[in-house]
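Atoms within a ligand are numbered from 1 in the order they appear, just like the ligands themselves.
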Amino acid sequence: MLVLGIETSCDETSAAVVRDGRDVLSNVVTSQVEIHQRYRGVVPEIASREHTRAMLLVVEEGLRQASAELSDVDAIAVTAKPGLIGSLLVGLSAARTLALIRGVPLVEMNHLEAHVFSPALVAPLAYPLVGLVVSGGHTDIYLSASETEYECLGHSIDDAAGEAFDKVAAILGLPYPGGPSIEKAARGGDPDAVDFPKSYLGPGSLDFSFSGIKTAVLYHVRGRDGKGEIPPDLNVADVTASFQKAIVEVLVDKTVAAAEARGVRTVSVGGGVACNSVLRDAFERRGKAAGLDVRFPPREYCTDNAAMIAGLGYYYLNSHA
Ligand code: KG4
Ligand code: ZN
């Protein structure tokens, strides 16, 4: 079964063709990151307009790279939520129109479930599993009984992890998006140099809070009023390495605790922050120690992409059959 996937929830326009939920025949992604860079964040109005411009070109290219015609497509899967409404509407309108024209089924997908599913694009996942989604907009933990069943166990109550990376990069004058710049700046830094606060929100809580650590970095770098100049002798590598370590520790601790509390042996980690090597290494170490099989998608499936939407769409299509 060939599924055409369409993803436009934020600032990536993407189309993919996936066979039987796992063989990725194409995954075309155009990023608007350079356009939004000067605003240090995604501007919704600009994002919607860019999706409108790129949408059909990206679908055509997705089909071309898969050596497929629209008439070969058996079903269409599209991101319906969560996301920027103007951006989502572009993908939804395209998907609904194509499904109507072709007379094929359409499934409307939850983008966060697709991030949890994303490691399955390279090797099957064993269920039940605990899924951590770490992106610019979300930090969520799910318990998933199968490809089509997700229960949210915890979520960020303020800044998402990626948002904290982006805001701390802005405080330090590092380029947007902040995650990759902080990872780069932290190389060679001492992760124990600064003891930034880690928020656990009480025993047993699986919710996250990253706004406190962001403020702690601001005060550390720009003084108690948060308005001072960055000291010329500030060791940026030490500050970023310490910040990164604190975030990673909270993410790993809570995810491992969730898996242990639910007696689950598989953990899936997806979303843009899952590109981070320190996070990957920490999960590998802690996962091994706890007897968990921790699964990351390759980096191209960590950030937003339509392959994960088409892949998961296959399972929803078959569960409804
Ligand atoms: O999943 P994603 O592409 O888009 C959203 O749905 O938000 O995630 C983007 C987020 C940004 O906040 C970015 O700074 C972060 O992922 N990110 C990283 C890294 N690469 C991207 N965070 C930490 N380390 C990275 N290497
Ligand atoms: Zn995402």
Side-chain angles (χ1 to χ4, degrees), residues 5-14 16 27 29-33 36-37 39-44 47 51 78-84 87-88 91 109-119 131-140 142 155-156 159-172 174-187 189 191 208 210-211 213-214 240-241 243-252 268-283 296-309 311-312:
I6 292 181
E7 155 67 41
T8 61
S9 63
C10 191
D11 62 336
E12 270 97 16
T13 318
S14 180
N27 182 44
V29 183
T30 61
S31 173
Q32 306 171 8
V33 72
H36 299 286
Q37 216 148 28
Y39 307 103
R40 298 206 69 99
V42 177
V43 182
H51 286 308
V78 60
T79 303
K81 64 175 182 187
L84 303 170
S87 293
L88 288 166
M109 308 298 306
N110 180 311
H111 177 88
L112 301 170
E113 295 180 4
H115 274 306
V116 173
F117 168 83
S118 60
L132 172 70
V133 180
V134 260
S135 70
H138 295 87
T139 308
D140 295 351
Y142 292 91
H155 57 87
S156 48
D159 293 350
E163 194 177 351
F165 272 93
D166 293 336
K167 288 179 174 170
V168 164
I171 291 167
L172 289 162
L174 298 170
Y176 172 87
S181 345
I182 287 190
E183 182 171 358
K184 195 163 155 221
R187 280 190 202 125
F208 297 94
F210 294 116
S211 70
I213 186 169
K214 170 200 67 190
T240 47
F243 161 77
Q244 185 171 242
K245 181 188 174 192
I247 298 259
V248 163
E249 274 187 13
V250 175
L251 292 172
V252 175
S268 143
V269 187
V273 182
C275 289
N276 188 281
S277 307
V278 174
L279 181 72
R280 286 173 175 251
D281 292 348
F283 260 118
F296 280 84
R299 284 177 172 79
E300 76 253 40
Y301 303 144
C302 285
T303 45
D304 292 346
N305 68 87
M308 66 182 187
I309 304 299
L312 182 58

> What are the atoms of ligand 1, with element, lying closer than 4.0 Å to any heavy atom of Gly178?
Replying inline: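 Close to Gly178: 14 (O).
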> In terms of atom number and element, which parts of ligand 1 are under 4.0 angstrom from non-hydrogen atoms of Gly162?
Replying inline: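 Those atoms are 12 (O).
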Heteroatom distance test ([X], ligand 1): nitrogen or oxygen, under 3.5 angstrom:
X: Gly272; result: yes
X: Gly271; result: no
X: Asn276; result: yes
X: Gly136; result: yes

> How does Thr303 reach ligand 1, by side chain, by backbone, by both or by neither, if only non-hydrogen atoms under 4.0 Å count?
Replying inline: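 The part of Thr303 near ligand 1 is both the backbone and the side chain.
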>> Tell me the contacting part of Pro180 for ligand 1: side chain, backbone, both, or neither, using a 4.0 Å heavy-atom threshold, strictly below.
In response: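 Near ligand 1, Pro180 shows its backbone as well as its side chain.
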> So, the side chain of Thr79 versus the backbone of His111: is there a donor-acceptor pair under 3.5 Å, distance only?
Replying inline: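 No: the side chain of Thr79 does not pair with the backbone of His111.
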> With no hydrogens and no angle check, is any side-chain donor or acceptor of Ser268 less than 3.5 Å from a backbone partner on Gly131?
Replying inline: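 Looks like no, no N/O pair under 3.5 Å.
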> Is any N, O or S atom of His111 under 2.8 Å away from the Zn ion (ligand 2)?
Replying inline: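 So His111 counts as coordinating the Zn ion (ligand 2), yes.
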> So, is His115 placed with an N/O/S atom under 2.8 Å from the Zn ion (ligand 2), counting both backbone and side chain?
Replying inline: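 His115 does place an N, O or S atom closer than 2.8 Å to the Zn ion (ligand 2).
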>> Ring-plane angle category for Phe210 and Phe208, please: parallel below 30°, perpendicular beyond 60°, tilted otherwise.
In response: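 Ring orientation, 0 to 90° scale: parallel.
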> Who's the nearest protein heavy-atom neighbour of atom 26 (N) of ligand 1, and how far?
Replying inline: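 For atom 26 (N) of ligand 1, the nearest protein heavy atom comes out as Glu183 OE1, 2.7 Å.
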